[in-house]
J.: 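Below you'll find the structure I mean.
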Amino acid sequence: MSNAEISKEIERIKGQFPNADENKINALEGLIEQAAYLRIYLKQLNTQAMASGLIEVHPENAKLQRPLPVSNEITRHSATLTSIMDKLMKYLAIDGDDWDDGLDEYE
């Protein structure tokens, strides 16, 4: 994983929030960087999982199975990335619709 990959991913994530307040983006820079790192790392883990599989099957008894460590790592990092992206969506996403509080007729 190179710094160029991470920088490109950071810019991609920031591009998902084109109308976000720059101060909020600056305040959440650490979360954006972590999300970029996790996304690239998950891609690598998924590539590894495609090669190795997610479970190990006993050669003599197919009913005996156990998850490989990559399976647990994918699950753990996916949950973390989802949590971070939820926070970014909460604080950076701008709803395109004007908010209507139903009080226009009283002005």
Side-chain angles (χ1 to χ4, degrees):
M1 176 177 336
S2 69
N3 286 338
E5 282 180 292
I6 294 172
S7 295
K8 184 177 176 182
E9 185 60 24
I10 288 170
E11 293 307 312
R12 190 195 71 76
I13 292 170
K14 286 180 179 180
Q16 300 296 308
F17 307 103
N19 299 321
D21 181 354
E22 194 65 33
N23 291 327
K24 288 182 180 181
I25 289 178
N26 291 336
L28 297 170
E29 187 74 31
L31 280 178
I32 294 170
E33 288 175 7
Q34 189 64 30
Y37 173 81
L38 283 168
R39 189 160 189 272
I40 292 168
Y41 188 58
L42 275 168
K43 284 182 181 181
Q44 292 175 347
L45 287 173
N46 284 323
T47 300
Q48 182 180 346
M50 293 297 287
S52 68
L54 295 174
I55 59 169
E56 183 177 32
V57 179
H58 192 279
E60 296 173 13
N61 184 353
K63 291 183 180 182
L64 295 176
Q65 302 174 3
R66 67 176 176 178
L68 293 174
V70 71
S71 176
N72 294 331
E73 288 298 306
I74 289 172
T75 301
R76 190 168 62 92
H77 291 296
S78 293
T80 303
L81 179 58
T82 299
S83 175
I84 289 172
M85 292 307 294
D86 283 346
K87 287 179 177 82
L88 292 176
M89 290 296 292
K90 178 180 177 181
Y91 293 111
L92 297 178
I94 306 265
D95 189 10
D97 297 332
D98 289 336
W99 183 65
D100 181 12
D101 60 5
L103 298 177
D104 288 344
E105 64 188 64
Y106 297 106
E107 290 183 12

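Nothing fancy with the numbering, it's 1 onward along the sequence. Computed from a predicted model, the values in this text were never measured in an experiment.
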J.: Show me, pair by pair, the donor-acceptor contacts under 3.5 angstrom made by side chains of residues 73-83, not counting sequence neighbours?
T.:
from, atom 1, to, atom 2, distance (Å)
Glu73, OE1, Arg76, NH2, 2.8
Glu73, OE1, His77, NE2, 3.0
Glu73, OE2, Arg76, NH2, 3.3
Thr75, OG1, Ser71, O, 3.0
Ser78, OG, Ile74, O, 2.8
Thr80, OG1, Arg76, O, 3.1
Thr82, OG1, Ser78, O, 2.9
Ser83, OG, Lys87, NZ, 3.1

J.: Give me the atom names and distance for the closest heavy-atom approach of Leu68 to Gly53.
T.: CD1-O, 3.4 Å
J.: Applying side chain to side chain donor-acceptor pair (under 3.5 Å), which residue pairs with at least one partner in residues 32-53 are found, sequence neighbours left out?
T.: Glu9-Arg39
J.: Does CG belonging to Asn3 count more than 12 external heavy atoms closer than 6.0 Å?
T.: no
J.: Output all residues satisfying side chain to side chain contact (heavy atoms under 4.5 Å, CB included) with Ala20, sequence neighbours left out; order by chain, then residue number.
T.: Phe17, Ile25, Leu92
J.: Listing request: all side chain to side chain donor-acceptor pair (under 3.5 Å) pairs with a residue in residues 20-29, at least two apart in sequence or in separate chains.
T.: Lys14-Glu29
J.: Salt bridge (charged side-chain N to carboxylate O under 4.0 Å, His left out): which pairs involve residues 46-63, sequence neighbours left out?
T.: Glu56-Arg66
J.: Please give the remaining members of the hydrophobic cluster of Ile55, linking ILVMFWY side chains under 4.5 Å, ordered by chain and number.
T.: Val57
J.: Show me the pairs that pass salt bridge (charged side-chain N to carboxylate O under 4.0 Å, His left out) and involve residues 77-86, at least two apart or across chains.
T.: none
J.: Working to the nearest 0.5 Å, report the span between CD1 of Ile32 and CZ of Arg12.
T.: 11.5 Å
J.: First locate atom CG of Leu31, then atom CD1 of Ile84, and finally report the distance between them rounded to the nearest 0.5 Å.
T.: 5.5 Å
